[in-house]
Amino acid sequence: MRLARRQQTAEARGGFTMVEVLLTLMIMGMILVSMTRILSAARTSRDTIHNIQETQLAGPAIMDRIERDLRGLVTFSRSRRELLRVVDRVISGMDGDSLDFVTSNDGLIFFPEGDIFLRADMNEVGYRLRANPVDNDFLEIYRRESFGVDDEPLDGGTFTFLHDRVKGFSILVFTEDGPDAEDVEDWGLDAEEEDPDLQGLPARLELELTLELSPRIMREQLPVARVDMREVTYRRVIRLPDSIRFAAGSVPMLAIPGTVGSSDAGAASPGSTTTATAGGVGGAGGDAGKTIQGEIRDAPGGGKAD
């Protein structure tokens, strides 16, 4: 009899009570909730860092690239109407202006030449936008580059993708510097009625690029903070020095040093010698460039001087 009671007592003590089971489930639930919160915080931190990097790297990198190309803008031995082209465009209701010119900066793209790949020291460069084929609320911006310089320096070439969430790219052109100067919409080869005053190089350019951050957190269907859904606008003012800007009918030509008397240096009359400060051959590098001894000659119609 005692043996049977001992067996029943052992069997009763071999399982868990309902209270023990509920307590265990509660503890496991708390652990799972804590782990979920930790993982959610880690994902949020990762996406926030991603957005900060996009803010600090994507927009400024594009603007820096445009400015570096413009600082190497080529003017010598080139027609004024093909020095710089700015076209005012509207794509899908957003500003999508284009910019084309020739720069003396080394190319970023290697082009095949037989068994080797080459990179030119002087290239045709442009910046173009198109509608985003995936999302109609955005535009895509591309950098155009053509190896060397051909008969159509403002067209053709290879396009490199830069960004796909552009809300607008606006270029303002000013013929004069100063706060009261008025901007023009188009400049260069496509200017209205081929106005000579809208050709050559302007006094300054004002670029404005608007990007919208692409929060990765949104793709995971998690709450998105308002700070992560903002548009960021980057502005850049680029002034072109007077040393590379020439009047209509003048084509800057490089001369061999010593062939022209130095007594007339700095004069603007035909046949005089001027000193041009440039970032390269005819570059727009400002005071940081080196000094080049050149000869300015007036040629009717922008043709080659005698």
Side-chain angles (χ1 to χ4, degrees), residues 59-75 78-103 124-131 138-144 153-155 162-163 166-212 231-250 252 278-279 282-287 302:
I62 296 175
M63 300 298 280
D64 290 343
R65 182 71 262 173
I66 297 175
E67 182 172 0
R68 282 196 296 269
D69 288 337
L70 282 171
R71 293 303 178 189
L73 195 147
V74 175
T75 59
R78 300 197 54 78
S79 172
R80 295 181 72 254
R81 57 197 300 269
E82 294 182 350
L83 291 181
L84 178 69
R85 180 176 68 180
V86 177
V87 181
D88 179 61
R89 289 192 174 101
V90 177
I91 304 174
S92 300
M94 294 172 281
D95 288 332
D97 298 351
S98 65
L99 177 67
D100 296 284
F101 52 94
V102 175
T103 182
E124 304 170 10
V125 172
Y127 291 86
R128 307 284 181 84
L129 288 94
R130 71 167 189 175
F138 302 101
L139 302 177
E140 294 180 341
I141 184 171
Y142 291 82
R143 181 182 183 272
R144 178 185 69 87
L154 306 181
D155 295 295
L162 298 179
H163 207 279
V166 181
K167 297 291 289 186
F169 181 59
S170 174
I171 304 175
L172 300 180
V173 184
F174 295 86
T175 57
E176 299 178 355
D177 201 0
D180 299 329
E182 297 183 358
D183 63 282
V184 296
E185 295 182 351
D186 298 316
W187 184 272
L189 190 61
D190 294 339
E192 185 178 358
E193 298 180 357
E194 295 289 342
D195 189 350
D197 294 333
L198 301 181
Q199 297 177 0
L201 295 180
R204 78 173 188 265
L205 297 172
E206 293 187 3
L207 284 69
E208 184 175 294
L209 176 65
T210 302
L211 305 179
E212 180 175 303
E231 295 180 1
V232 183
T233 300
Y234 306 91
R235 295 180 177 88
R236 192 69 57 93
V237 177
I238 301 176
R239 290 179 171 85
L240 303 178
D242 294 335
S243 59
I244 63 171
R245 300 174 59 226
F246 304 95
S250 299
D287 296 336

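Taking 4.0 Å as the cut-off between side-chain N and carboxylate O, K167 and D95 do not count as a salt-bridged pair. For R236 and D64, the salt-bridge test passes: some basic side-chain N is under 4.0 Å from an acidic carboxylate O. Between R144 and E124, at least one side-chain N (NZ, or NE/NH1/NH2) sits under 4.0 Å from a carboxylate O, which counts as a salt bridge. The residues R85 and D155 are annotated as salt-bridged, a charged nitrogen and a carboxylate oxygen being separated by less than 4.0 angstrom.
The structure places CZ of R78 at 9.0 Å from CG of L73, a figure rounded to the nearest 0.5 Å.
Here the side chains of F169 and L139 are not in contact, with every heavy-atom distance at 4.5 Å or above. Between W187 and L83 the shortest side-chain heavy-atom distance does not fall below 4.5 Å. Two residues are said to be in side-chain contact when any heavy atoms from C-beta on lie closer than 4.5 Å; T175 and P202 fail this criterion. Two residues are said to be in side-chain contact when any heavy atoms from C-beta on lie closer than 4.5 Å; L205 and V173 meet this criterion.
Contact record, S98 with R128: CB-CD, 3.6 Å, taken as the closest heavy-atom pair. The two residues F101 and D69 make their nearest non-hydrogen contact at CE1-O, 3.4 Å.
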Given side-chain contact (heavy atoms from CB on, under 4.5 Å), test Y127 with D100 step by step and report yes or no.
CA-CA 7 Å; Y127 291 86; D100 296 284; over 6 Å; no
Start with the C-alpha gap between V166 and L209, add the side-chain angles, then the distance that decides, and say whether side-chain contact (heavy atoms from CB on, under 4.5 Å) holds.
CA-CA 8 Å; V166 181; L209 176 65; 3.9 Å; yes
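At least one donor-acceptor pair under 3.5 Å links the side chain of R204 to the backbone N or O of G178. With hydrogens and angles disregarded, a donor-acceptor distance shorter than 3.5 Å links the side chain of R80 to the backbone of Q199. Using modelled atom types, one side-chain atom of D97 and one backbone atom of R89 make a donor-acceptor pair closer than 3.5 Å. Of the possible donor and acceptor atoms, none in the side chain of T210 sits under 3.5 Å from a partner among the backbone N and O of T233.
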